[in-house]
Structure formats: C-alpha cells, structure tokens
Amino acid sequence: MSETRFDPSQADGRWQRAWNDAQCFRADDSSTKPRAYVLEMFPYPSGRIHIGHVRNYTMGDVLARYKAMTGHEVLHPMGWDAFGMPAENAAIEKGVHPGAWTYQNIANMKAQLQRLGFALDWSREVATCDPSYYGHEQALFLDLYAGGLVYRKESAVNWDPVDQTVLANEQVIDGRGWRSGALVEKRKLSQWFLKITDFAQELLDGLGSLEHWPEKVKLMQENWIGKSQGLQFAFTLSDGEKLEVYTTRPDTIFGASFVAVAADHPVAQKVAAENADAQAFIEKCREGGTTAAELETAEKLGFDTGLTAKHPFTGADLPLYIANFVLMDYGTGAIMAVPGHDQRDFDFATKYGLPITRVVAPSAADADKPFAGEAEAGDGVCVNSGFLDGMSVADAKASVIARAEGEGWGEGKTVWRLRDWGVSRQRYWGTPIPFIHCPSCGVVPVPKGQLPVTLPEDVDMSIPGNPLVRHPTWKHVDCPACGGAAERETDTLDTFVDSSWYFLRFASQPADRPFDPEEVARWMPVQQYIGGIEHAILHLLYARFWTRALKAIGKLDVAEPFAQLFTQGMVTHETYSREEDGRPVYFSPGEIERGAEGAVLKDDGKPVEIGRVIKMSKSKKNVVDPDEIVAKYGADAVRWFMLSDSPPERDLPWSEAGIEGCWRFVQRLWRLFGQYDATATGQDKALDRKVHQTVAAVADDIEALSFNKAVARIYELTSAAEKAAPSASRSNAIRAVLLLASPMMPHLAEEGWAAIGETGLVAEADWPEVDPALLVEDEVTVAVQVKGKLRDTLTVAKGTSKEELEALALASEKVQRALDGAEVRKVIVVPDRLVNLVA
RNA sequence: GCGGGCGUGGCGGAAUGGUAGACGCCGGGGACUUAAAAUCCCCUGGGCAUUGCCCGUGUGGGUUCAAGUCCCACCGCCCGCACCA
C-alpha cells in the first residue's frame, strides 16, 4: 500500500455515495432480524447544525452502526422539528416567509448532516411543518377530542399591550415585552387543553418500569408530577363564608398564624369589589411574568383583607391575606400558612410581623427552641400542638385528617402538582387546531375528510399579532354541522405536540393515516433515545403522555415510547474577550492565535483574555462551525473528537489541540492499516489476548454509550499492534482495530477495508467474534499494604491462595521495613487483588 | 425560591469500597532531517530526597483493616421550572 496520507476530502464523499448506492441504512420493515430502533432527538431547523447536534448524532450513529454489525435490523431515522417561533422572528426581521426560511434551513442542515456520514434512513425523513405531517397530527387531535381528552378553559397569557401580541415566557424580560419594552400584563383567554392529569398516576407508575432511564430524569419527572397527600378543609371566615384550603402539612396546623389566598381567588375578587386598595393590589400582582421562577423569587407581598378565619382546633381568629406567592393553579388557591415550617410563609410572616410558632421540634425537650432565621421543614415530633404533642410528623398528619373527617370539616386528599397541558398558541407558524366556531352550533370539529387544515401562504408577518386572525379569507368557513357562516379556530398547537409522536411516524408512514399500529408495534419502543438533559421533563413527559393517551383511545398498543434514555452533555468552548469601554467585546476562535501562555488577536497581535469554558453561544462568539472543521479535518476526525475524552453525559470542551490530536490519530491508523500483511504467519499469544479483551470491552462500552472508554481501549490496542512484530496475530489485530473503529470513523474504515483486501462494505461487515477463553489473564498484580498504605506489589499466578499471598507479603523486604518490627495483628487478603497487614 | 445534577494533575478524564491519575491533550528532552513539517523514543500530580519518604480526588466532619467511591454538613458551578426548542 502507498505511504500517502488518508485524504478525507476525496474519501468522505466517495463512501457516502457508496452507502447511498447500496442503500445500507434503509430499515427493512419485513426483516426477521432482531430490531434496534435508535433515535436522537430531532433538531429544530435553525439554519446551521450546531456542534452539539454533531455530538448527539455521532453517539446515535456509533450505536446504530454497531447494532447493524451485531446482526440487528436498525431503524435510525432523522427529521425536523420545524414549527416554532424562530421562523416567525426571521420573517419579522428579514422579511422572508417562515415556510421558505424553514425549508431552506432544512436543505442546508440536511447537507451538513450528510457530510458527517451518518447512517440515517433518509427515506423516512419528516418535517413537522409539512401538511403531510401536521394533517395527521390534526387527525390524532380530533381522535383525542372524541376520546374526551381535549377541552377548553380560560387560562392566562403574557399580553404585550403595545404590540397587541401574546408573548412567550422567553420574550418577557424583567416583566417587559422584549420588542416593545412595555410592562407585560396577564390576560385570560379561552384556550385548548389536553387532559394529561388523567394520566398522572399512570405516568408516575410507569417510571418504575423504565429501568434504563437515568435516575435523575425519573426523579425530576416524579417531582414534576408531584403527587402529595394532604388535608383539604374549610375555614369559616368572619363574614360567614367558607374558605377551602389545602395543606400537605396538616401536622403543623397548630402553627398556622395566617391564611392566604391567590390574587385570582374568588374571595380576593369579592374583597376587591368593595375595596379599591385590594383591587390595586390584585392588579399589581397581574403585572410581570407568569413563570414559577419569577413568582417564587419575587418579594413576598400581601394585602390584609381585614377578614379573619377561625382555626378549627384553637378557635383563634387568623388574619386573611391576599398574597402574591399563593398559586391559583395548585390545590384550592388558598393556604393555611405555618411560618415556622415553610420558608415562604416564614418570609411573609417576618415581613408583616405575624407570629412564628414552633410546632415541630427535634425532640419534645426542644419545644421552645428559637428559629435560626429560617423555617424548619424537616421531620421531628409535634410540640405546642394540643392533642398532637409528642406524635411523629407522620402520625400527626394521619391523626388530623382522621379528626377532620370524623368531625366533618375536612378530608384527606391527593393533590397533583401536574397541571393539564395548555396547547393553544396564538401564533401562525404551528399546526392549525382543527376546529370551527359556529354561532349556532358552538365548537365543531373539522370533519376528518377535510384535513389537513393548512396554513395560508399569503400572510403579512410585519404586523404584530397572529396573522391567522386578520387574514381576509382563511378563517371564514361554513359550519360543517349547520352550513351557516362560521370561523376557524385561529390558535395553533404547541410545538411540543409535534414532537410527542414523531417517533411513531418514523416507524410507519402510510399516506392515509398517522401510522399503522401493527407496523409501529414491530419497531417500538425506541431502544435507545439520545438527547439533551434540558428535555428531561417537558418533551419526555409529553411524549409518554401521548403514547398513553393514544393507547387509551385504542389507536396504539405501546406502553412506554423510550425503553432506554441517554441525556448527553453540552459542547463548550473557552471565550476570548477584551474590555472596551467597560464592556467585554468577544472574539471568535478563528480570530485568535492560541499559544501555550495565552491568546492574541490575529489582527493586532495584542493579547486577549481567555475566559471560562462555557456553553457555545452566538453572543459569546465561542462557536465552531461543523462545516469548517469537517472541511479541514474530515468527518472522521470530528466524529472521533466528539467521542473522545469526555464522558458523553458531561460537557465536552471543544479545543483546537484536541481536534488536531484526532486528526493525527486518523493518519496513525491509516499507517497501521498499511502494515497489514495477509500472508504473515506465526502467533503472538499476548496480542491475541489483548485483541479479544479489547473487542469484548469495546462492545460493552458502546452498549453502555461509554464512548470515551471505548476510544481509550482502541488507542491501547492500536499501540500494541504497532509495537508487535509481524505475525498472523498482528494482522488479525490490525483488522480488529479497523472493525472496532469503524462505527466511529466509518470513512477511514471503508478505505482501510478495501486497502487490506476485503470486499464489500465495512458498514455491512460483522463485529469480530470473541473467544471467552482468551479474556482471562493468567497472572495478576497484587497490592501489598501495611496499615492501608501501599508498600509493595506482587506478581503471582491468578488464583494464588490466601495463605500463600500472606506468606509472600510477609517475605517482602519493603513490607518488613514498613512494619519496622511491629506485630501484625490482623491480615486482610482479597485474592488476586490485595493483602493488607494491620499492625 | 423550588426540583435535579456535577466537582480528581496544567487540561479532558480513568478507577466492582481494595495499587488514585488508565487513555488522550499540552509541556519538556532526545532520534531522524541541510532545515522544517511529519514520524518515532523517553519524561511529565506536588514537595523533600542517597535506596526512599511525606502530601494529594471542592471544604469540614464521620463509618471502615481500607474512602475519589458510603454517610452528614457546607462551598462553587450547571440544567429545568409548564408559551424557547
């Protein structure tokens, strides 16, 4: 073979065409092989792929290629999460149509992905913004409606009074609209909801079956669903009315020092009707964003209504406040506040000078222990609590609930933090909700025969607000029920709906239905799903819900959509900046010359400050363009970098030195392949052993997605093969290195496969066989410790007896010196591992 | 604020409770070369040092013959919080 270098600029495209010509990555629906559905979260078509996408899709690609090599029929599809706000923003800022912008982006990004050599079945590509996708989504939505899982109710949105537009949470900055700067108001609109709460218990229970999901994600979902058992009971107010409150801490009821309702609570409304100050306070609460984070970090504010509530046990009159930290959406929208044992109540009580009473203490003796400036939410025994004194928190909860139920003023109740899913968006670039509002018939579903309800093309995005509302003709239709003049629903669906079933469409895509349940059942569940941790709750919970909801209405027979989940880390990069006029000015890596000591700007040769390694973002300019690095180093070096060093669940810091190292390794492998000699004879037992151990270990590592470890082992085997003298064993080791590296560096592997005289594609080759007999070492190194400190090591035959190990350890000169005549009192021997002499 | 996670050399990291730092990057030294690039070899946690010894996994405690790993408390950073995707 020639001594020339491997040239990705001509090899990459050649092999990509060869794979395409052979259609190697097309999933065969009729295959009898065991199936493997490998899926990465599909991207939003922003225009350019991000290095984070490259990392995500490289991981899935290695697994998909490995599965194919180990005898599986692989489904590895790709598509586009193509609806959403960025297309509308681009339309406003650049004057392009959201659809044209989106499809252009898809074309660009698809070409970028193809240049990376991913083993994707492009024949199943979907774009959610295409009527051939969202039309089916509309049909599914109608099915869910028929199944009683869709309803309408009033719900608050962020309203920009200047732009006359509904704003997303991310468009509200410090309580103001991002474009207009106007103070945002909360406004109530009638909106569409999906009954995810009907499935709260099932979604919670289902987590137990997800053995191969990260514990942290399951825990986050469990907390999000937020099942709590508590007491709902009624206070009698001083005006004679009843006020229902819910508490998860009935054990602390004797510590209640005030009662509070949300600003939207009917009691607050009633007070405000007669009290201008109360009205003003409620309006103040309506200013600012709607997010939980904002509500909970805002300063606690309250308004004393002058009313009081009678404590059910003590008969005390507790003041009734309207408070900004009470959420109308949770429980009854009203609380009994126990400042000693809830931090929010504590803050509020401190601010308004309300009593803070201890009713739970570490022990009965601590009944009068003062608080250390904060509430104590922990466990303990009840104190200062009448009949509860001395009880544990758990017993007291049960006891109070039993008493309330016996006396008829309250009952034990399960409450969920999970709320129904509001899917209405007052925006153009989304799936039209297939309903018609008729003045005489009310809300009427669009007949399925009239689907898809498509978006109008001729819209003016330069005016704020929803173009579907002001379009001259689009919304005017005849009522499907009575034939009279009616109007289309102008809200579109949350884009999370689009991503809640795309994995089903990948598995089966008939033209006349969303999917065929039997075809889907043959591929589902997704065997390995890979994506960012930022989707741990919403996307993954919504997809689980859709799967269940479709099952509940008989459209699907899958319990959980994703058998195995992996959440990968971000790609990060150091930042380069200079202080100019008191503000940092950032430079991109391309503008910088990076040396050992520091970095200078190429333009002026003067130093710049190297900042922290953070997530790549345009504003900090610490981005690298996948196209540029692929052009410079080839797809394989980039893929190898994505897999090396950092464990895949952690952040990966991009570095120029790192990619250079990968490039050198590509060439090093190429030289090694060049040393392959099919005619070499002779055996190298140690190398054979190393090969089989490495094949087994790399397989385990890939299955566990521990790519960084697989990479390290391939480096080791490469070094061993390089150092070995020519032999049949060595040639076999070179062939093994090629096969092991092939899922990661497929272009180089194909080139090498041909070079060593193999026929066919390595993409369709088999993973090397492992001989279990060669996995075991016959010699081991045993550590010898004295009092837990390493003093010597012994090289002995594997399986050497405890007695012999102890004798060998005591015979060691180093051990005797360390013992220094001291008497050995105890000996711990772990066969094949260590001897510890305790003196 | 609430929920979840992470923290090991100059850097990325490895390590079923059992030899801390595998493997890679950076750096240093050498070989080859007229020279450079490329490649190959050696060294590379810190401190003291004559064989060796001491210290060391964010901080402080604890359990254990033995702790990066288990327990408690704290510090720092990151992710999510329901209309970003």
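Reminder, nothing fancy here: chain letters follow the sequence lines and each chain counts from 1. Heavy atoms only: backbone and side chains are in, while hydrogens, waters and symmetry mates are out. Just so it is clear, the structure is predicted and the values come from calculations on it, not from any experiment.
- Taking atom C1' in both B/A14 and B/U64, one finds a spacing of 24 Å when rounded to whole Å.
- A/F496 comes within 4.0 angstrom of a base, heavy atoms only.
- Positionally, the nearest nucleotide of RNA chain B for A/G661 lies more toward the 5' end than for the other of A/G661 and A/R817.
- Using the six-membered ring where Trp is involved, A/W640 and A/Y715 have ring planes that are perpendicular, over 60° apart on the 30 and 60° scheme.
- Comparing the C1' positions of B/C26 and B/U59 gives an interatomic distance of 29 Å, to the nearest angstrom.
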Give every pair of a protein N or O atom and an N or O atom of nucleotides 4-12 of chain B that lie under 3.5 Å apart, one pair per line with the distance.
unit_1, atom_1, unit_2, atom_2, d
B/G7, OP1, A/R650, NH2, 3.1
B/G12, O2', A/S646, OG, 2.6
B/G12, N2, A/D645, OD1, 3.0

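- Heavy atoms only, all atoms of each residue included: A/R639 and A/M744 are closest at NE-O, 2.9 Å.
- As judged by a 4.0 angstrom heavy-atom cut-off over every strand, A/S655 is placed among residues making no nucleic acid contact.
- Base-pairing analysis of RNA chain B finds the following stems of at least three consecutive Watson-Crick or G-U pairs, with both pairing distances under 3.5 Å: B:1-7 with B:75-81, B:10-12 with B:23-25, B:27-31 with B:39-43, B:45-48 with B:52-55, B:58-62 with B:70-74.
- Under a cutoff of 6.0 Å and an axis angle of 45°, A/R5 and A/W670 do not form a cation-pi pair.
- Distance noted for atom P between B/C25 and B/G76: 36 Å (whole Å).
- Side-chain contact between A/F545 and A/L194 is present, with heavy atoms from C-beta onward closer than 4.5 Å.
- One interatomic measurement links the two molecules: CG of A/L717 to P of B/G24, which rounds to 13 Å at whole-angstrom precision.
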Check nucleotides 15-20 of chain B against the protein and report each pair of N or O atoms closer than 3.5 Å, with its distance, or say if there are none.
unit_1, atom_1, unit_2, atom_2, d
B/A15, OP1, A/K709, NZ, 2.8
B/G18, O2', A/R833, NE, 3.3
B/G18, N2, A/N836, ND2, 3.4

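- For A/R668, the side-chain atoms get nearest to B/C40 when compared with the rest of B/C81, B/C40, B/C54.
- The closest side-chain heavy-atom distance from A/R344 to A/K300 is below 4.5 Å.
- Note: A/H53 and A/Y57 have parallel aromatic rings, judged against thresholds of 30 and 60 degrees for the angle between ring planes.
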Would you tabulate the nitrogen or oxygen pairs shorter than 3.5 Å linking the protein to nucleotides 43-50 of chain B?
none

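- Applying the salt bridge (charged side-chain N to carboxylate O under 4.0 Å, His left out) test to pairs two or more places apart or on separate chains, those with a residue in residues 704-719 of chain A are A/K690-A/E716, A/D701-A/R713.
- A/G532 comes within contact range of no nucleotide atom at all, as no heavy-atom separation falls under 4.0 Å.
- If you check every strand for non-hydrogen atoms under 4.0 Å, A/H539 touches nothing.
- Smallest separation of non-hydrogen atoms from A/A87 and A/T102: CB-OG1, 3.7 Å.
- Residue contacts shown for A/E716 are limited to sugar-phosphate atoms, with no base heavy atom under 4.0 Å away.
- Using a cutoff of 4.0 Å between basic side-chain nitrogens and carboxylate oxygens, A/R671 and A/E722 are not scored as salt-bridged.
- Remark: of the listed residues A/W501, A/F83, A/W80, A/W501 is the sole one forming a ring pair (Phe, Tyr, Trp, His ring centres under 6.0 Å) with A/Y133.
- Heavy atoms of A/L418 sit under 4.0 angstrom from at least one base atom.
- Applying the side chain to side chain contact (heavy atoms under 4.5 Å, CB included) criterion to A/A337, with sequence neighbours excluded, gives A/F258, A/I335, A/D345.
- Contact check for A/R791 versus A/R817: no side-chain heavy atoms found under the 4.5 Å cut-off.
- Rounded to whole Å, atom C1' of B/C83 lies 8 Å from atom CD of A/Q426.
- Neither OP1 nor OP2 of B/A82 sits under 4.0 Å from any side-chain N or O of A/R419.
- Within the 4.0 Å cut-off from OP1 or OP2 of B/C53, at least one side-chain nitrogen or oxygen of A/R791 is found.
- Annotation: B/G68 and B/G9 have their C1' atoms spaced 14 Å apart (nearest Å).
- Using a 4.0 Å heavy-atom cutoff across all strands shown, A/A536 reaches no nucleic acid atom at all.
- Using a 4.0 Å heavy-atom distance criterion, A/Q191 is classed as a base contact.
- Listed pair A/R664 / B/C26 meets the phosphate criterion, a side-chain N or O lying under 4.0 Å from OP1 or OP2.
- Two residues are said to be in side-chain contact when any heavy atoms from C-beta on lie closer than 4.5 Å; A/W159 and A/L189 fail this criterion.
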